[in-house]
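A quick write-up on the structure given underneath.
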Amino acid sequence: MKEAFKQLLGGGIRQFGMVIALVALLVFFQWRTDGKVLTPTNAQNIINGNSYILILAVGMVLVIIAGHIDLSVGSVAAVTGIVVALAIRDWGISWWVGVLLGLGVGLVIGMWQGMWVAYVGIPGFITTLAGMLIFRGAQQVIGKSNSVPVPEGIQKMGSGYLPEWGPNTGLNNSTLLLGILAIAFIIWSALRQVAKIRRNNLQDVAPMAVILRAVILSAVVAYLTYLFGSGRSGTSFPISGCILLVLVIVYSFVANRTIIGRHVYAVGGNRSAAALSGVNIKRVNFFVMANMAVLAALAGIVFTGRSTSSGPSDGVGWELDAIAAVFIGGAAVSGGVGTVVGSVIGGLVMAVLNNGLALLGVGSGQTQIIKGLVLLAAVAFDVYNKVQGRPSIFGLIFKGKNKRAEELVSESNEESASVAVADGETAARG
Amino acid sequence: MTSGPVILEMRAITKLFPGVRALDEVSMTVAAGEIHAICGENGAGKSTLMKVLSGVYPHGTYEGQIIYQGEEVRFKDINASEHAGIVIIHQELALIPELSITENIFLGNEVRGRFGIDWDEARRRAVELLARVGLRESPDEIIKNIGVGKQQLVEIAKALSKDVKLLILDEPTAALNEDDSQHLLDLLRGLRSKGMTCIMISHKLNEIEAIADSITIIRDGKSVETLDVAGGGINEDRIIRGMVGRSLESRFPDHTPKIGEKFFEVHDWTVEHPLVPGRLVCKNSDFFVRRGEIVGFAGIMGAGRTELARSIFGRSYGRFLRGTVKINGEEVNLHTVQQAIDHKIAYVPEDRKALGLNLLDSIEETIIASGLNKITRYGVIDPDAGHAAAESYRTSLNIRTPSVAQGVAKLSGGNQQKVLLGKWMFPDPDLLILDEPTRGIDVGAKYEIYGLIQRLANEGKGVIVISSELPELLGLADRIYTIFEGAITGVVEKEDATQENLMRLMTGSSSAQAS
């Protein structure tokens with residue numbers, strides 16, 4: 001039973017838990033609000049209103065996997081927003097040049113912070129705590145604490161929709177196309193995986209599970225296509241959502257299929273082992289910090305687009321939302337663990353909670369309490385699972401003999417290993 | 001011998017770890033007021049025995065009895081044993097570098113006054129204790145500002161502050177220079193004359209010969225014999241014979257070496273300790289490796305074998321002072337680990353969990369970790385190629401697991417070691433440095449690892465094996481270098497090597513110059 005579930009998801013139990021939590025939340029709020037959550041307008045609002053946090057979460061998960069933290073992202077987003085807004089207004093450059101400028105500002109800030117973290121060896125917590133102050137201050141100095149409007153191009157990035165075109169299908173055609181492409185990709189990759197299983201004669205994954213997963217995923221995408229595409233005329237899947245989608249795909253790929261991505265996991269998992277495997281730890285640390293600031297800059301630009309101007313209180317507290325999303329999404333506090341998709345799902349859990357509770361008329365105080373408890377529960381779940389010798393929550397739910405046996409094996413390994421180290425106290429003594 | 005009354009008797013202590021019998025009915029008797037040394041090879045069980053005695057392994061986790069001052073004791077933790085007056089000073093000093101001498105001495109045992117800690121009283125007692133151990137330092141001095149030798153004395157002062165009756169010292173002079181060691185031994189003599197009983201674990205046989213009243217020798221988890229030094233007739237050779245006197249079983253696969261030309265040469269390699277300036281961990285080391293040759297590095301723990309290997313492997317340990325490495329006659333730069341890997345050197349560390357493996361990784365992820373370049377095209381990792389590589393190593397190294405997706409944390413020690421070997425065979429190195437490749441793994445897996453090492457040598461690779469088990473080196477290596485206190489003290493061909501002559505060379509024994 002548990003194995004079947006695992007295979008169906010093809011990923012970690014943790015991520016699976018979050019998907020279930022997300023679905024359960026949606027169903028719950030849909031029921032309690034009499035269907036106000038899963039309406040096209042509300043769904044579009046959830047995406048538009050949270051995409052900047054989710055963009056931050058994409059960068060933050062890499063920082064956290066590498067074993068650092070970045071507290072400066074809100075300030076970096078804010079200072080970028082004001083620079084872009086002022087540059088476009090005062091220098092008369094076009095909006096996309098402004099966006100490039102903003103990303104450049106992010107890169108410079110990121111290299112600054114990366115330098116301190118990677119090459120001077122100041123912990124990320126301290127470096128970015130300083131950055132939080134520095135760039136918040138810089139934003140106020142540069143913007144003189146005024147609000148500066150941004151042009152329509154940038155507004156589209158934050159709150160625009162995909163264009164309407166072609167024959168009347170009853171849905172927004174851009175969204176429809178996106179949905180069809182996504183489903184095609186899901187089916188294609190499922191077929192490829194099945195072919196691989198057949199070719200290599202793998203025993204650990206059943207082809208049926210892969211196909212079933214593809215069917216379920218396709219159904220979900222089809223529903224989302226309908227949900228986002230069937231709104232009032234002129235609305236569709238938001239552009240900020242598209243930006244996020246591209247980032248999720250690109251960064252998942254970077255994390256899993258490129259050398260720098262694998263090195264981020266290696267550094268977070270065991271720094272010494274990574275160093276002895278030829279990983280350039282400084283370069284990895286520099287990369288994650290620099291990358292984070294670029295994404296923070298992008299988040300800042302998207303947010304100014306949504307709020308149509310850059311204001312002095314932009315970005316306050318964003319770092320905490322992004323960090324919470326990453327941890328809810330299954331990253332480990334000690335580093336080495338986490339996924340881009342998981343973090344975005346974690347962020348969506350928070351977003352749906354916010355949205356659903358608001359629709360229910362729950363006050364912001366209570367909402368914050370609930371969000372805090374959710375964060376605590378999600379991380380407690382991880383910590384609980386990590387303590388060896390205890391059956392996992394899944395083990396408790398699906399009690400079975402094999403599970404217990406497996407547990408015992410890992411327990412005894414753990415024991416003998418810790419002894420080997422304690423006995424010799426051997427590291428680097430030769 | 002001052003044959004006082006018996007203060008401690010350990011009877012038939014047996015301690016099991018999963019799959020390993022670390023102690024097998026070990027017995028020892030310590031008389032009050034003597035210095036009792038425990039000798040044995042690395043891994044013989046000395047430290048485990050002391051951990052049983054001091055309550056690190058609480059009563060109930062071992063079998064046997066401990067009789068202390070005439071009564072059977074059952075310590076449930078270290079506090080219980082300290083309360084009874086048994087204090088252990090570990091090899092790694094347990095002092096807080098940023099705190100003062102006084103604060104360290106009374107850490108966990110603070111002097112209570114009417115309002116919180118009575119620092120005046122604490123400082124007064126610290127001065128007394130420092131006088132007792134012969135340390136002329138202000139009690140307010142910060143620990144990190146005094147040398148290792150003085151730190152060791154502070155440890156002893158700390159033990160004295162606890163009203164210690166039985167002091168256990170684990171390799172007390174391992175980190176000390178000659179003068180500090182001498183001073184420490186004098187201090188122990190002084191304590192003995194005031195009635196203190198000491199148990200001392202040491203590898204330095206000359207020191208033991210000089211100071212111990214009696215010696216218990218432990219070998220392979222069994223107590224072999226107790227020698228009465230005061231009775232006379234005990235010298236280093238006698239101790240060595242007791243330590244190594246086991247028959248060499250045929251636990252090695254058959255192997256006919258095919259040794260080629262010299263291809264890897266290290267000259268004048270000198271490295272300083274990363275934290276202690278002036279302390280050299282490698283001193284003017286010269287050695288070479290030939291193709292197809294298995295070279296052994298023998299030495300006691302802390303002799304500098306790992307330091308030598310790691311400093312060569314991309315300067316991943318210590319501060320490089322001087323030295324050259326030539327590969328195929330050409331001098332090469334090995335400033336970073338990546339450069340070492342590019343020059344086809346591999347280093348498999350001794351501490352699998354801390355330095356070798358990312359315990360979050362699967363077998364597959366571990367095996368490809370050092371050779372990602374090999375399976376990357378246009379900057380994109382090809383997971384199929386990685387999977388194929390992992391599968392091929394699973395088969396050829398006989399890694400017992402249903403799937404390469406299995407997490408390495410769940411594997412047994414032997415299988416973990418095979419995965420690590422696979423990880424370092426994957427980049428196809430010419431020289432493999434294996435640091436304690438069979439530590440903590442069972443006999444069957446050892447045999448397989450030996451076979452793998454021989455297979456690598458047969459493929460024309462050079463293999464350096466660092467091992468603390470002399471029989472292993474004798475059975476495996478074609479040539480053995482001995483290292484003592486950072487210096488290479490000798491090189492012995494396979495035909496000439498015996499446990500006795502190696503042990504002499506690696507303990508810096510005076511009678512070693514013969515070879």
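Every chain is numbered from 1 and lettered A, B, ... according to where its sequence line falls, protein lines coming before strand lines.
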- Test side chain to side chain contact (heavy atoms under 4.5 Å, CB included) applied to Trp424(B) and Ser277(A), step by step: CA-CA 9 Å; Trp424(B) 285 106; Ser277(A) 301; 4.3 Å; yes
- Decide yes or no on side chain to side chain contact (heavy atoms under 4.5 Å, CB included) for Arg199(A) and Asp384(B), but give the supporting numbers first. CA-CA 11 Å; Arg199(A) 192 171 64 239; Asp384(B) 290 347; 3.9 Å; yes
- Kindly indicate, with the supporting measurements, whether the criterion side chain to side chain contact (heavy atoms under 4.5 Å, CB included) is fulfilled by Lys196(A) and His387(B). CA-CA 11 Å; Lys196(A) 196 170 110 185; His387(B) 186 76; 5.9 Å; no
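Here the closest heavy-atom approach between residue Leu357(B) and residue Ala273(A) is recorded as O-CB, 3.9 Å. Scanning all heavy atoms of the two residues, the minimum distance from Val337(A) to Leu360(B) falls at CG2-CD1, 3.7 Å.
For a residue to count as touching a neighbouring chain, one of its non-hydrogen atoms must lie under 4.5 Å from one of that chain's; by this rule Tyr265(A) touches chain B with the backbone only. The part of Pro349(B) that comes within reach of chain A is its side chain, from C-beta onward, which places non-hydrogen atoms under 4.5 angstrom from that chain. Contact annotation for Thr376(B): only side-chain heavy atoms (C-beta onward) come within less than 4.5 Å of a heavy atom of chain A.
Under a 3.5 Å cut-off, the side chain of Asn270(A) and the backbone N or O of Ala354(B) do form a donor-acceptor pair. Put simply, the side chain of Arg257(A) gets close to the backbone of Ile381(B): a donor and an acceptor are under 3.5 Å apart.
Shown here is Tyr119(A), whose OH atom has more than 12 heavy atoms of other residues, nucleotides or ligands within 6.0 Å. Counting non-hydrogen atoms of neighbouring residues, nucleotides and ligands closer than 6.0 angstrom, the CZ atom of Phe253(A) exceeds 12 such neighbours.
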